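Working notes for the structure below.
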2 protein chains.
Amino acid sequence: MSNHAAVSAQSDIRLGPVSCLVLGLIGLRGPSTPYDLKKAIGRSVSYFWPFPHSQLYGEPERLEAAGLLSCQTESSGRRRKLYKLTKKGDAALKKWLKTPPDTVFEMRDIAVLQLFFSEFMSEEDLVRLALSQAKLYRERLATYAEIEKTYAGRMGRNRRMASLYLGIRMAKACLEFWEDIAARPPSP
Amino acid sequence: MSNHAAVSAQSDIRLGPVSCLVLGLIGLRGPSTPYDLKKAIGRSVSYFWPFPHSQLYGEPERLEAAGLLSCQTESSGRRRKLYKLTKKGDAALKKWLKTPPDTVFEMRDIAVLQLFFSEFMSEEDLVRLALSQAKLYRERLATYAEIEKTYAGRMGRNRRMASLYLGIRMAKACLEFWEDIAARPPSP
DNA sequence: TTGACATGGTCCGATTCATACCATACTAAA
DNA sequence: TTTAGTATGGTATGAATCGGACCATGTCAA
């Protein structure tokens with residue numbers, strides 16, 4: 001990704017999407033520990049911006065160093081750090097949100113990559129691929145359905161849920177796509 | 001991405017998606033220079049597996065070191081390297097193609113990320129975002145249409161084109177999505 | 001003959017990745 | 001009351017990827 005919409009704080013730190021994601025999440029949830037974020041992310045944001053949890057520990061530190069988050073270490077019980085937005089962090093988040101990106105979605109899909117090279121594949125293997133993908137999408141749609149139930153009806157009319165809604169539409173499109181391939185495998 | 005479908009050559013080199021992509025492309029096109037690949041990629045593969053061209057120079061080298069590609073340097077005129085698949089490379093490619101990935105598509109979308117955090121945004125800014133995204137998708141669909149024209153009708157029935165077809169469907173879904181948001185902005 | 005443009009390639013610091021591992025608390029059976 | 005299992009919380013790190021700036025060579029037109 002080119003660096004669309006990268007916003008720089010006064011202190012010159014570079015704010016990538018991951019930084020903004022952390023900022024935004026803390027903004028939505030209020031003061032949070034990295035582990036809180038890790039849990040919160042699992043079935044929401046990570047569907048349209050995947051990244052490993054280890055970044056949830058390093059990134060806030062950077063942000064704190066830049067004065068966008070403040071951190072208070074809890075001494076009782078397990079050691080853990082509670083981060084909250086500073087004025088500056090709040091401003092940076094809002095500034096970022098005011099800058100529409102000049103890019104569209106990016107997708108990475110190994111199965112589609114294989115399809116692209118499927119001239120080297122037997123029809124049988126191609127069908128196997130399509131079937132296995134279809135199965136995975138059915139599973140994913142099932143977990144989406146779970147989530148959807150929780151928000152019955154408000155999906156799509158609520159801003160935060162709208163994001164997930166797009167994910168569902170995409171997954172549906174993919175499911176249809178692979179089912180079609182499985183049913184009528186295109187010739188090489 | 002977890003390392004689904006990473007295939008390891010006899011020589012123990014790790015083959016990520018990018019490696020397989022290079023292998024596959026050379027398989028499809030025959031002997032190629034990095035620059036050939038760069039050009040070839042522009043309007044096809046990079047839509048479902050984006051990466052910077054600089055990798056097209058480093059990756060083949062790794063692959064050559066592992067014996068999957070052979071390289072012959074052209075001496076006349078501009079210096080350039082012509083890579084071709086070795087037996088071993090061909091086998092690795094086919095092996096990879098026989099292993100369906102256990103993951104589905106991944107999407108990264110900054111605009112959707114912003115939408116997710118749009119509780120901190122005015123309705124006006126949200127509409128601006130939606131409009132700007134819709135415009136970008138219209139442009140992308142236009143370039144897809146160009147490509148589609150070249151393959152009139154065979155789109156979707158030909159394996160390689162099927163991959164692109166999915167990209168188009170996704171882009172259409174996104175366009176509708178953002179147009180809908182622009183027309184009826186959801187409440188926070 | 002020069003200088004603009006397309007072609008072809010390299011480099012490198014900064015991010016981001018996957019993943020394995022460490023550590024602390026809680027709980028419930030032995 | 002040990003202990004062993006499980007969930008919680010966190011760290012470390014080498015490798016892969018990223019974006020882009022920049023270099024170099026050829027070609028063609030004025």
Side-chain angles (χ1 to χ4, degrees), chain A residues 1-8 12-22 31-42 45-46 49-66 71-83 101-103 106 108 110 113, chain B residues 1-8 12-22 32-42 45-46 49-66 71 73-83 101-103 106 108 110 113:
Chain A
M1 309 210 350
S2 60
N3 221 338
H4 24 267
V7 166
S8 61
D12 273 321
I13 196 195
R14 194 129 194 102
L15 255 30
V18 174
S19 325
C20 295
L21 198 156
V22 168
S32 313
T33 70
Y35 192 66
D36 292 334
L37 299 180
K38 180 179 171 180
K39 276 183 302 180
I41 269 170
V45 191
S46 71
W49 199 277
F51 62 96
H53 77 268
S54 52
Q55 282 182 253
L56 291 176
Y57 294 90
E59 193 59 32
E61 252 167 56
R62 272 187 67 228
L63 262 16
E64 190 200 350
C71 165
Q72 112 191 38
T73 307
E74 289 188 5
S75 46
S76 75
R78 200 188 297 276
R79 84 192 118 86
R80 43 199 258 125
K81 292 172 165 189
L82 190 67
Y83 289 98
D102 56 1
T103 48
E106 233 173 63
R108 261 146 226 262
I110 302 212
L113 204 52
Chain B
M1 309 215 351
S2 60
N3 221 339
H4 25 266
V7 167
S8 62
D12 273 320
I13 195 196
R14 194 132 195 100
L15 255 31
V18 174
S19 326
C20 295
L21 198 158
V22 169
S32 314
T33 70
Y35 192 67
D36 291 334
L37 299 180
K38 180 180 171 180
K39 276 183 302 179
I41 269 170
V45 191
S46 71
W49 199 277
F51 62 95
H53 76 269
S54 53
Q55 282 181 253
L56 291 177
Y57 294 89
E59 192 59 31
E61 253 166 58
R62 269 188 69 227
L63 262 16
E64 189 200 352
C71 165
T73 306
E74 289 188 5
S75 45
S76 73
R78 201 189 296 275
R79 84 193 118 86
R80 44 200 258 125
K81 292 172 163 190
L82 190 67
Y83 289 98
D102 56 1
T103 47
E106 232 173 63
R108 259 148 229 261
I110 301 211
L113 204 52

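Letters A, B, ... are given to chains in the order of the sequence lines, protein chains preceding strands, and every chain is numbered from 1. Because the structure is predicted, anything quoted here is derived from the model rather than measured.
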If the condition is side chain to side chain contact (heavy atoms under 4.5 Å, CB included), which residues does Ser54(A) pass it with, not counting sequence neighbours?
Pro52(A)
Whole-Å gap separating [atom2] ([N]) and [atom1] ([X]):
X: Leu15(B); N: dA15(D); atom1: CG; atom2: C1'; answer: 15 Å
X: Leu82(A); N: dG10(D); atom1: CG; atom2: P; answer: 10 Å
X: Trp49(B); N: dA16(D); atom1: CH2; atom2: P; answer: 14 Å
X: Arg108(A); N: dT16(C); atom1: CZ; atom2: C1'; answer: 11 Å
X: Leu56(B); N: dT7(C); atom1: CG; atom2: C1'; answer: 15 Å
X: Leu37(B); N: dG8(C); atom1: CG; atom2: P; answer: 12 Å
X: Phe51(A); N: dT19(C); atom1: CZ; atom2: P; answer: 16 Å

Set out, in order, the CA-CA distance, both residues' side-chain angles and the distance that settles side chain to side chain contact (heavy atoms under 4.5 Å, CB included) for Tyr83(B) and Leu63(B), then state yes or no.
CA-CA 10 Å; Tyr83(B) 289 98; Leu63(B) 262 16; over 6 Å; no
Using the side chain to side chain contact (heavy atoms under 4.5 Å, CB included) rule, take Trp49(B) and Ile110(A) through it: C-alpha gap first, then chi angles, then the decisive distance, then the call.
CA-CA 8 Å; Trp49(B) 199 277; Ile110(A) 302 212; 3.8 Å; yes
Select base, sugar-phosphate, or nothing to describe what Pro60(A) touches, counting heavy atoms under 4.0 Å on all strands.
nothing
Taken in chain and number order and not counting sequence neighbours, the residues that satisfy salt bridge (charged side-chain N to carboxylate O under 4.0 Å, His left out) with Lys38(A) are none
Which residues pass the salt bridge (charged side-chain N to carboxylate O under 4.0 Å, His left out) test with Glu61(B), sequence neighbours left out?
Lys81(B)
Just the table, please: protein N/O against nucleotides 9-13 of chain C N/O, every pair under 3.5 Å.
{"unit_1": "dG9(C)", "atom_1": "OP1", "unit_2": "Arg79(B)", "atom_2": "O", "d": "3.4"}
{"unit_1": "dG9(C)", "atom_1": "OP2", "unit_2": "Tyr35(B)", "atom_2": "N", "d": "3.4"}
{"unit_1": "dG9(C)", "atom_1": "O3'", "unit_2": "Arg79(B)", "atom_2": "NH1", "d": "3.3"}
{"unit_1": "dT10(C)", "atom_1": "O4", "unit_2": "His53(B)", "atom_2": "NE2", "d": "3.2"}

Sequence neighbours excluded, the answer for side chain to side chain donor-acceptor pair (under 3.5 Å) partners of Glu59(A) is Ser19(A), Arg62(A)
